[in-house]
Amino acid sequence: MRSFLMVILASTFGMAAIGGAQAQSSDTRIASMPFGECLSIISEAAQEMDEEPVKLVNTSDVVTARIQASDGFVTVSCDRSASKITLTKSPVPEAAGMTAAR
């Protein structure tokens, strides 16, 4: 997941840096981005991972999707009214006995 996430983060937030990235943690990145471009990121990430995204929220103003990776999950959230994208990487919780194996 790291190499995939790093490519997505570098390309997405490299471009968004011009528009101004917001405060974030090491596992979460937030940046300004038009809603349509953000939705394209979800599609491209799912295609790259060869995984169908799981839509957690799907309204006309907010779309949040989770995509499984080899060692965890990537959650992408698009907010139309705020024109922002939020990317979060999450490891598989080992304590729960879960795996992200394909």
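For Q68 against E51, the heavy-atom pair with the smallest separation is O-CG, 3.4 Å. Here the shortest heavy-atom pairing between A46 and P53 reads CB-CD, 3.5 Å. Closest of all the heavy-atom pairs between V63 and F35 is CG2-CZ, 4.0 Å.
For the atom pair I85 CD1 and D79 CG, the distance stands at 11.5 Å (nearest 0.5 Å). Between the SG atom in C38 and the CZ atom in R80 there is a gap of 11.0 Å [rounded to 0.5 Å]. Taking NZ of K55 as the reference point, atom CD1 of I42 lies at 6.5 Å (rounded to 0.5 Å). Between the OG1 atom in T28 and the NZ atom in K89 there is a gap of 9.5 Å [rounded to 0.5 Å].
Residues M49 and V74 have side chains not in contact (no heavy-atom distance under 4.5 Å, counting atoms from C-beta outward).
With hydrogens and angles ignored, the 3.5 Å screen pairs no side-chain donor or acceptor of R66 with any backbone N or O of F73.
For the side chain to side chain contact (heavy atoms under 4.5 Å, CB included) with I30, the qualifying choice from T86, L87, T88 is T86, the only one to do so.
If you chain together hydrophobic residues whose side chains sit under 4.5 Å apart, V62 and L39 never meet in one group.
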